[in-house]
Visitor: 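Before we start, here is the structure in question, set down as structure tokens.
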Amino acid sequence: MNLQKNILKENLKQSNENYLNQKELLQKEIESLNLQKSILEKNLQKSSFSQKINIDRTIINKKEIMDNAKISLDKAKDDLQKAKQDKEITLQSLQNNIKNTQTQLQEVSNQFSKLNVKSPIS
């Protein structure tokens with residue numbers, strides 16, 4: 001009976017040591033997994049931050065393109081308005097020149113009709 005008791009005691013001691021060793025290995029594995037998790041979370045944060053920066057840069061670039069397009073459109077509208085005004089001014093000036101020329105032509109025609117041709121007496 002003593003032998004059985006010693007064997008049981010030894011088995012129990014060995015089982016307890018195995019349990020403690022296994023517990024220690026599992027704790028180390030949990031620590032390792034937690035460390036890997038922490039590293040992955042940091043990498044994810046860095047990646048997310050980098051992606052956010054890229055998105056922000058893209059938004060800024062698109063806004064700049066839109067602003068430049070708006071400026072170009074406004075300038076084109078102003079140029080068109082100025083061209084329309086210049087056209088009106090030019091047309092008015094041409095109409096005035098035509099009227100002046102017609103008036104001058106009428107005056108010359110009137111003066112011409114008053115002219116008497118006198119021939120020398122022969």
Visitor: Other hydrophobic cluster members with I59, side-chain heavy atoms of Ile/Leu/Val/Met/Phe/Trp/Tyr under 4.5 Å, chained?
Guide: I55

Visitor: Which residues pass the side chain to side chain donor-acceptor pair (under 3.5 Å) test with D56, sequence neighbours left out?
Guide: K52

Visitor: Given a cutoff of under 4.5 Å between side-chain heavy atoms of I, L, V, M, F, W and Y, with clusters grown through shared members, what are the other residues clustered with I65?
Guide: none

Visitor: Which residue pairs pass the salt bridge (Lys or Arg N to Asp or Glu O under 4.0 Å) test with at least one member in residues 23-36, sequence neighbours excluded?
Guide: E24-K28

Visitor: Holding to side chain to side chain donor-acceptor pair (under 3.5 Å), I want the full list of residues that pass it with N54, two or more places apart in sequence or in another chain.
Guide: none

Visitor: Taking N43's backbone N and O only, do any of them form a donor-acceptor pair with S47's side chain (distance below 3.5 Å, no angle check)?
Guide: no

Visitor: Of all residues at least two apart in sequence or in a different chain, which pass the side chain to side chain contact (heavy atoms under 4.5 Å, CB included) check with I7?
Guide: L3, N11

Visitor: Look at K75 together with D79 and state whether they make a salt bridge at an N to O cut-off of under 4.0 Å.
Guide: yes

Visitor: In chain order, what residues pass the side chain to side chain donor-acceptor pair (under 3.5 Å) check against K9, with sequence neighbours excluded?
Guide: none

Visitor: Mind checking what makes side chain to side chain donor-acceptor pair (under 3.5 Å) contact with K70, not counting sequence neighbours?
Guide: D74

Visitor: Which ILVMFWY residues can you reach from L35 by hopping between side chains whose heavy atoms are under 4.5 Å apart?
Guide: I39

Visitor: Using side chain to side chain contact (heavy atoms under 4.5 Å, CB included) as the criterion, list what pairs up with D78, not counting sequence neighbours.
Guide: none

Visitor: My understanding is that only residues two or more places apart in sequence, or in another chain, count here; which of them pass side chain to side chain contact (heavy atoms under 4.5 Å, CB included) with E17?
Guide: K13, Q14

Visitor: Between N110 and Q106, is any side-chain donor less than 3.5 angstrom from a side-chain acceptor?
Guide: yes

Visitor: Show me the side-chain donor-acceptor pairs of residues 89-99 shorter than 3.5 Å, one per line, residues at least two apart or across chains.
Guide:
residue	atom	partner	partner atom	Å
T90	OG1	D86	O	2.7
Q92	NE2	N96	OD1	3.4
N96	ND2	Q92	O	3.4

